[in-house]
Amino acid sequence: MGFTKRYFSKKLILTQIKLGLPLHKYFNVDAMMFDDQESQDAYKLFTEGKTDQEIKEFLLKDETNLIQEN
């Protein structure tokens, strides 16, 4: 029997969304390793039933705020 593990980061999640791959398939693994807090938060939003687009907007929200502050 196989054991599937996957590393997650903000960048990797955004790449999956950009490529049009559904997050429900991306998060379908036996073990998850998160590289940053944003990816953990994105997974939590996913488990709460948020759409891929809503998760994308959440992940990009911080980048937008950083640009506006400068």
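Cluster annotation: Leu12 and Phe34 are assigned to the same hydrophobic cluster (Ile/Leu/Val/Met/Phe/Trp/Tyr, side-chain heavy-atom contacts under 4.5 Å, transitive). Hydrophobic clustering keeps Leu21 apart from Leu59 (ILVMFWY residues linked when any side-chain heavy atoms are closer than 4.5 Å, directly or through intermediates). Linking Ile, Leu, Val, Met, Phe, Trp and Tyr residues whenever their side-chain heavy atoms come within less than 4.5 Å leaves Met33 and Tyr26 in two separate clusters. Connection of Met32 to Ile55 is established within a shared hydrophobic cluster, with ILVMFWY side chains joined at heavy-atom distances below 4.5 Å, either directly or through further cluster members.
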Between Phe27 and Phe8, is the ring pair (Phe, Tyr, Trp, His ring centres under 6.0 Å) condition met? List the steps. CA-CA 9 Å; Phe27 287 132; Phe8 297 96; 5.1 Å; yes
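With rounding to the nearest 0.5 Å, the separation of NZ in Lys10 from CZ in Phe58 is 8.5 Å. Between the NZ atom of Lys61 and the CD atom of Glu38 there is a distance of 10.0 Å, given to the nearest 0.5 Å. One distance of note links CG of Asn28 with NZ of Lys25; it measures 9.5 Å at 0.5 Å rounding. To the nearest 0.5 Å, atoms NZ (Lys11) and NZ (Lys18) are separated by 10.5 Å. The line from CD of Gln16 to CG of Leu14 is 10.0 Å long, rounded to the nearest 0.5 Å.
A donor atom on one side chain and an acceptor atom on the other are not found under 3.5 Å apart for Asp36 and Gln40.
Of all the heavy atoms in Gly2 and Asp30, the pair that sits closest is O-OD2, 3.8 Å.
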N/O donor to acceptor pairs below 3.5 angstrom from side-chain atoms of residues 44-54, sequence neighbours left out:
{"residue": "Thr47", "atom": "OG1", "partner": "Lys44", "partner atom": "O", "Å": "2.7"}
{"residue": "Thr51", "atom": "OG1", "partner": "Glu54", "partner atom": "N", "Å": "3.1"}
{"residue": "Thr51", "atom": "OG1", "partner": "Glu54", "partner atom": "OE1", "Å": "3.4"}
{"residue": "Asp52", "atom": "OD2", "partner": "Leu23", "partner atom": "N", "Å": "3.2"}
{"residue": "Gln53", "atom": "NE2", "partner": "Glu57", "partner atom": "OE2", "Å": "3.4"}
{"residue": "Glu54", "atom": "OE1", "partner": "Thr51", "partner atom": "N", "Å": "2.8"}

